[in-house]
Amino acid sequence: MSAVVSRVSAPAVLMYHSISASAAPDPHRVRVHPDRLDRHLRLLRRLGLRGVSQTELLDAVDRGQAAGLVGLTFDDGFSDFLTTAVPVLARHGMTATVYVVAGHMGATNSWDTGPQFPIMTADQVRAVAAAGHEVGSHTMSHARLAGADPVTLAAEVVDSRRLLEDVLQAEVPGFCYPYGSYDAAAADAVRAAGYGNACVTGDYVPGDRYTLPRCYVSPRDTGAHVVARLARHAVRIRRPLPAASGR
Ligand SMILES: [Zn+2]
């Protein structure tokens, strides 16, 4: 195991969605049981790895101090992030980034035809930040941004940042493309809106600071599966990330 872990020197990032013990159908395979998350984080800790928010990870990369850190991200902003994931993260002394679909705060994941679950209210989003976690934007409506026109891009990228900054009374540096759908225009819009980083939903492309790759965590993944995903990710990303100002 230690031979595998020694390869995890690049900033690897795990992607979760809902953390819940619910037995409701999960057609998109995005619900991980809290006991399973607990086992994932316990193994990371045993291997000397610490989960941190995406922005903390990138700050550490800039300082050359990212060794031993793993990014933890949770997409969509489900209420179970606050009620269920945050206590597990706290137990292990880890932080994370939650990407909130800003236009759905206090509503549900109605962009999806599957089972509906609550998205955090503004108060819950503030509670997440108060607990030491990062809140990032996941657009207003969970829109696909590849091929989107400039008006749509502005509404999804700019308005969601403004809304979350208004709720938090703090800067929102992180962005996440719904469905991992992006193109050059979308990445440019994210950069122009003032975000410092953005991530996609897979580790199939090397990425830069505005298209950061992540490893999907499946509902059935054991801790060993997660570590194997991290190791593969590290192999794919050999070069350091270019600085934000570099392009
Ligand atoms: Zn999403």
Side-chain angles (χ1 to χ4, degrees), residues 8 11-45 47 49-57 69-101 104 109 111-112 114-115 117-120 124-125 128-129 131-139 142 174-180 197-204 212-233:
V8 185
V13 180
L14 297 177
M15 172 180 62
Y16 294 90
H17 290 76
S18 172
I19 303 297
S20 167
S22 165
D26 181 22
H28 305 302
R29 301 175 69 239
V30 291
R31 186 189 311 126
V32 170
H33 194 285
D35 293 346
R36 196 172 280 275
L37 175 66
D38 185 69
R39 289 197 292 274
H40 294 170
L41 301 187
R42 189 178 308 150
L43 180 57
L44 292 183
R45 210 169 51 161
L47 296 171
L49 298 169
R50 186 165 63 90
V52 295
S53 71
Q54 187 79 296
T55 294
E56 182 178 341
L57 180 69
L69 299 183
V70 173
L72 296 178
T73 63
F74 296 76
D75 286 12
D76 300 339
F78 290 108
S79 298
D80 60 47
F81 178 76
L82 177 64
T83 59
T84 311
V86 164
V88 178
L89 289 161
R91 203 177 302 149
H92 295 283
M94 298 187 186
T95 60
T97 300
V98 60
Y99 292 107
V100 177
V101 181
H104 285 249
N109 53 320
W111 63 84
D112 190 346
F117 293 96
I119 302 297
M120 290 190 285
Q124 289 176 313
V125 166
V128 159
H133 302 283
E134 178 185 12
V135 175
S137 167
H138 200 35
T139 73
H142 208 270
F175 183 84
C176 174
Y177 305 93
Y179 312 103
N197 61 80
C199 55
V200 301
T201 59
D203 61 355
Y204 39 82
L212 293 162
R214 295 183 294 166
C215 311
Y216 161 75
V217 180
S218 127
R220 291 175 175 273
D221 277 354
T222 64
H225 286 133
V226 169
V227 170
R229 288 184 193 279
L230 290 175
R232 198 171 64 230
H233 182 98

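Nothing fancy with the numbering, it's 1 onward along the sequence.
Expressed to the nearest 0.5 Å, how far CG of D75 lies from NE2 of H17 amounts to 4.0 Å. M15 CE to C176 SG: the interatomic distance, rounded to the nearest 0.5 Å, is 8.0 Å. Separation of atoms CD (Q54) and OG1 (T95) is listed at 11.0 Å; rounding is to 0.5 Å.
Using a 4.5 Å cut-off on side-chain heavy atoms (C-beta onward), H92 and V88 make contact. Within the 4.5 Å cutoff, no side-chain heavy atoms of R220 are placed close to those of H225. Proximity of Q124 to S79: side-chain heavy atoms (C-beta onward) are separated by under 4.5 Å at one or more points. Taking the side chain as every heavy atom from C-beta outward, T139 and Y177 never approach each other to under 4.5 Å. Contact check for E134 versus E56: no side-chain heavy atoms found under the 4.5 Å cut-off. V227 is not listed as a side-chain neighbour of L49, based on a closest heavy-atom distance of 4.5 Å or more. Within the 4.5 Å cutoff, no side-chain heavy atoms of V226 are placed close to those of L43. Residues L14 and H40 are not in side-chain contact: their nearest non-hydrogen atoms beyond the backbone lie 4.5 Å or more apart.
Taking the six-membered ring where the residue is Trp, F74 and Y16 present parallel rings, their angle staying beneath 30° rather than reaching 60°. Classification of the Y99-H138 ring pair by plane angle, with boundaries at 30° and 60°, yields tilted.
A donor-acceptor pair under 3.5 Å is absent between the side-chain atoms of R39 and the main chain of T222, judged by distance alone. When atom types are taken as modelled, the side chain of R31 and the backbone of P219 share no donor-acceptor pair closer than 3.5 angstrom. The closest donor-acceptor contact from the side chain of R229 to the backbone of V217 lies at 3.5 Å or more, if one exists at all. In terms of modelled atom types and a separation under 3.5 Å, the side chain of D80 and the main chain of S20 share no donor-acceptor contact. The closest donor-acceptor contact from the side chain of R214 to the backbone of T73 lies at 3.5 Å or more, if one exists at all. Between the N109 side chain and the P115 main chain, a donor and an acceptor come within less than 3.5 Å of each other.
The side chain to side chain contact (heavy atoms under 4.5 Å, CB included) with L72 is formed by just one residue from the set L89, L37, T97; it is L89.
A salt bridge links D38 and R42; the closest N-O separation between the charged side-chain nitrogens and carboxylate oxygens is under 4.0 Å.
In this structure, I19 and P34 approach most closely via the heavy-atom pair CG2-CA, 3.7 Å. Contact record, P87 with L82: CD-O, 3.6 Å, taken as the closest heavy-atom pair. Of all non-hydrogen atoms in R45 and R91, the two that sit nearest each other are NH1-O, 3.7 Å. Taking all atoms of both residues into account, the shortest heavy-atom contact from F78 to I119 is CD2-CD1, 3.8 Å. Between A12 and L230, the shortest heavy-atom contact is CB-CD2, 3.4 Å. Closest of all the heavy-atom pairs between A131 and V86 is CB-CG1, 4.3 Å.
Close placement of the H133 and F81 rings is indicated, their centers lying within 6.0 Å of each other.
Side-chain atoms of H142 and D76 form a donor-acceptor pair, as typed in the model, at a separation below 3.5 Å.
The salt bridge (charged side-chain N to carboxylate O under 4.0 Å, His left out) search around R29 returns none, not counting sequence neighbours.
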Side chain to side chain contact (heavy atoms under 4.5 Å, CB included) between L212 and V13, intermediate numbers included: CA-CA 9 Å; L212 293 162; V13 180; 6.0 Å; no
